[in-house]
Amino acid sequence: MQLSVVILAAGQGKRMNSDLPKVLQPLAGKPLLQHVVGTARELAPSNIYVVYGHGGAQVQAALGDEPVEWILQADQLGTGHAVMQAMRVIPDDHTVLVLYGDVPLIRAACLTKLVAAAAGGTLALLTVNLDEAAGYGRIARGADGHVTGIVEHKDATPEQLRIREANSGLMAAPAGRLREWLLGLGRDNAQREYYLTDVVAGAVAAGDPVAAIPVAHAVEVLGVNDKVQLAQVEAGYRRERAEELMLAGATLADPSRIDVRGEVTVERDVFIDVNAVLIGRVHLGARVRVGPNCLIRDSSVGADTEINANCVIEDAVVAEKCRVGPFARLRPGTELARDAHIGNFVEVKNSQIGAHSKVNHLSYVGDATVGSHVNVGAGTITCNYDGANKWPTVIEDGAFVGSGSMLVAPVRIGANATIGAGSTISESTPDGKLTLTRARQTTIDGWRRPLKLDPLQKAAAIDEALASGAPPPKKP
Ligand code: UD1
Ligand code: CA
């Protein structure tokens with residue numbers, strides 16, 4: 001049986017009070033709709049149709065790379081009308097799975113069950129038992145317990161509103177039957193819309209079987225109609241990701257204080273302290289420790305590495321047994337080899353730092369290739385930018401760069417070279433030798449510290465100094 005997935009994404013989302021179309025509202029930094037498309041792809045269907053309308057160009061642009069077919073619903077006349085637009089291109093012998101662009105946490109395993117239940121002409125509805133079902137359609141059942149229809153919240157009687165069995169909106173059905181049920185839809189309801197939910201009454205009238213499949217985890221069918229629900233879905237997503245990490249062997253200091261916005265993989269015995277934000281593709285090797293308040297984006301961290309508190313790591317590759325931070329920033333293109341140490345208030349950009357090398361305090365290393373066993377002293381700067389071009393710095397194995405050195409690129413520091421503290425190095429230095437640039441130290445005999453002037457003396461001194469360039473006089 002061929003599967004066609006239809007994702008409804010044409011609505012405006014009035015309740016969002018936002019200029020952004022509802023299905024583009026971000027969940028974990030990615031549009032709601034993109035989450036749904038991603039899950040649909042896991043089912044390997046023959047087609048994914050996205051019914052779009054409101055904010056059309058914007059929605060299409062945001063989903064640009066996804067392998068979907070776009071179906072325009074020019075006027076948003078309801079969810080039933082939206083599905084009708086897609087049915088024009090879906091053959092009768094397909095199974096149709098309807099997903100909602102605003103129900104983003106649904107999982108493929110649940111959908112597989114729903115699709116299987118649609119075999120043999122059955123309309124399979126995904127339902128959910130909710131204590132608080134406001135806004136959801138309710139599942140109506142006859143005296144014999146069979147489903148007879150779905151009543152929208154706005155059309156429900158007070159008695160029907162007490163029903164806890166709610167419609168998730170997601171359903172699967174054989175295309176040929178669905179087409180026929182859709183033909184029977186009208187707009188005689190509170191919202192004057194073609195409700196997709198009315199296909200249930202259509203199926204019942206035609207004597208077709210209807211199956212209500214309860215969802216295992218209610219969070220999977222949370223719908224996003226306003227910003228409150230958006231936050232609930234974000235929290236649900238966060239909890240799920242945290243649980244995945246824990247099941248994979250990570251210890252989380254507090255599972256409610258980690259934010260995973262991407263595909264994060266961990267090996268055994270990783271420890272993550274509070275307020276970690278992990279974005280994009282992040283891999284943490286075995287026994288990695290991440291201190292509090294770290295942001296890690298699109299990076300991998302090798303086994304036994306320790307990331308201390310308050311680090312920002314983006315597009316970086318950190319090998320095993322490294323030590324980073326606290327307060328370190330690894331910018332894109334940073335590669336740390338085994339046992340490298342990057343200390344506090346150090347910024348590294350587009351640079352390779354060799355094995356066992358240390359940049360421990362207050363330094364900037366940009367566009368540099370640093371060998372192994374190198375020590376870069378506190379406050380060293382690679383002056384990589386001349387105002388027009390960026391230039392490389394090479395520091396060979398075993399070099400020792402004294403504190404406060406300015407390495408004016410392009411420049412090479414030789415293997416085992418020593419740079420005296422406070423040097424400004426603008427020419428490459430030889431291997432194994434001490435190089436320094438430094439004014440000779442002098443001591444001034446008879447020098448006295450300035451004394452405090454009264455305001456008049458001070459004003460006169462300033463006038464004189466600015467006019468003549470002479471130093472301010474000492475108090476007599
Ligand atoms: C819908 C269901 C309700 C269910 C709830 C679950 C109907 C009539 N009601 O209500 O039973 O409990 O979802 O979340 O189906 N859309 C279009 N074109 C339209 C209208 C909507 O593409 O003309 C899209 C929206 O962009 C959205 C989805 O369909 O992604 C659902 O629409 P929405 O208006 O949010 O329906 P609900 O009121 O939530
Ligand atoms: Ca909705």
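One-based numbering, in listed order, for ligands and for the atoms of each. Along the sequence shown, residues are numbered consecutively beginning with 1.
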| remark: Ranked by distance from atom 29 (O) of ligand 1, the top protein heavy atom is Leu8 CB, 3.4 Å

| Enumerated ligand 1 atoms positioned under 4.0 Å from heavy atoms of Tyr195 | 8 (C)

| field | Contact check, Arg138 vs ligand 1, heavy-atom distance below 4.0 Å | value | no

| Gln58 side-chain N/O to Leu20 backbone N/O, donor-acceptor pair under 3.5 Å | no

| note | for atom 7 (C) of ligand 1, nearest protein heavy atom and its distance come out as Thr79 OG1, 3.4 Å

| field | NZ-CG distance between Lys349 and Leu330, expressed to the nearest 0.5 angstrom | value | 13.5 Å

| message | Can you classify the ring geometry of His35 versus Tyr237 as parallel (below 30°), tilted (30 to 60°) or perpendicular (above 60°)? | response | perpendicular

| field | Non-hydrogen atom of Ala166 closer than 4.0 Å to ligand 1 | value | no

| task | Answer with yes or no whether Gln73 contacts ligand 1, where contact means a heavy atom under 4.0 Å from a ligand atom. | result | yes

| note | Output for pair (Glu152 CD, Leu196 CG), nearest 0.5 Å, gives 9.5 Å

| note | heavy-atom search around atom 9 (N) of ligand 1 in the protein gives Glu152 OE1, 2.9 Å

| Quick one: which ligand 1 atoms are inside 4.0 Å of a heavy atom on Leu77? | 23 (O)

| Which of the atoms of ligand 1 are close to Gly137, meaning less than 4.0 Å from one of its heavy atoms? | 3 (C), 4 (C), 11 (O), 12 (O)

| field | Numbered atoms and elements of ligand 1 in range of Gly101, under 4.0 angstrom, heavy atoms | value | 30 (O)

| field | Option of least heavy-atom distance to atom 5 (C) of ligand 1 (set: Ile150, Asn167, Thr127) | value | Asn167

| So which protein heavy atom does atom 25 (C) of ligand 1 come closest to, and at what separation? | Gly11 N, 3.7 Å

| task | Give the atoms of ligand 1, by number and element, whose distance to some non-hydrogen atom of Lys22 is under 4.0 Å. | result | 35 (O)

| query | Among protein heavy atoms, which sits nearest to atom 23 (O) of ligand 1, and what does the distance come to when rounded to 0.1 Å? | reply | Gly78 N, 2.8 Å

| query | Of the protein's non-hydrogen atoms, which lies at the shortest distance from atom 14 (O) of ligand 1, and what is that distance? | reply | Ser168 O, 3.8 Å

| query | Does a side-chain heavy-atom distance below 4.5 Å link Val233 with Pro104? | reply | yes

| Lys321/Asp339 salt bridge by N-O under 4.0 Å criterion | no

| query | Has Lys227 got more than 12 heavy atoms of other residues, nucleotides or ligands less than 6.0 Å from its NZ? | reply | yes

| remark: For Asn225, the ligand 1 atoms with a heavy-atom partner under 4.0 Å come out as 35 (O), 39 (O)

| request: State, with a plain yes or no, whether a side-chain heavy atom of Leu77 is found less than 4.5 Å away from one of Glu193. | output: no

| note | Report for the Ca ion (ligand 2), protein N, O or S closer than 3.0 Å, by chain and number, lists Asp102 OD2, Asn225 OD1

| query | Heavy-atom count around Arg141 CZ within 6.0 Å, excluding the residue itself: above 12? | reply | yes

| Do the rings of Phe327 and Phe345 sit parallel, tilted or perpendicular, given the 30° and 60° boundaries? | parallel

| message | Is it the case that the side chains of His356 and Arg338 hold a donor-acceptor pair, with the cut-off being a distance below 3.5 Å and no angle test? | response | no

| query | Going by the atom numbers of ligand 1, which of them fall below 4.0 Å from some non-hydrogen atom of Gln76? | reply | 19 (C), 23 (O)

| field | Tyr136, Tyr194, Tyr100: member with heavy atom nearest to atom 28 (C) of ligand 1 | value | Tyr100

| query | If you measure from each heavy atom of Glu193 to ligand 1, is any distance below 4.0 Å? | reply | no

| Salt bridge check: are Arg297 and Asp315 linked by an N-O gap of less than 4.0 Å? | no

| atom 37 (P) of ligand 1 - nearest protein heavy atom and its distance | Arg15 NH2, 4.2 Å

| field | Nearest protein heavy atom with distance in Å, relative to atom 22 (O) of ligand 1 | value | Ala10 N, 2.9 Å

| query | Are Val204 and Leu123 side-chain neighbours, meaning at least one heavy-atom pair lies under 4.5 Å? | reply | no

| field | More than 12 heavy atoms of other groups within 6.0 Å of Asp93 CG | value | yes

| query | Do any N or O atoms from the side chain of Glu234 and from the backbone of Ala28 form a donor-acceptor pair under 3.5 angstrom? | reply | yes

| query | Is there a donor-acceptor pair closer than 3.5 Å between any side-chain N or O of Arg323 and the backbone N or O of His341? | reply | no

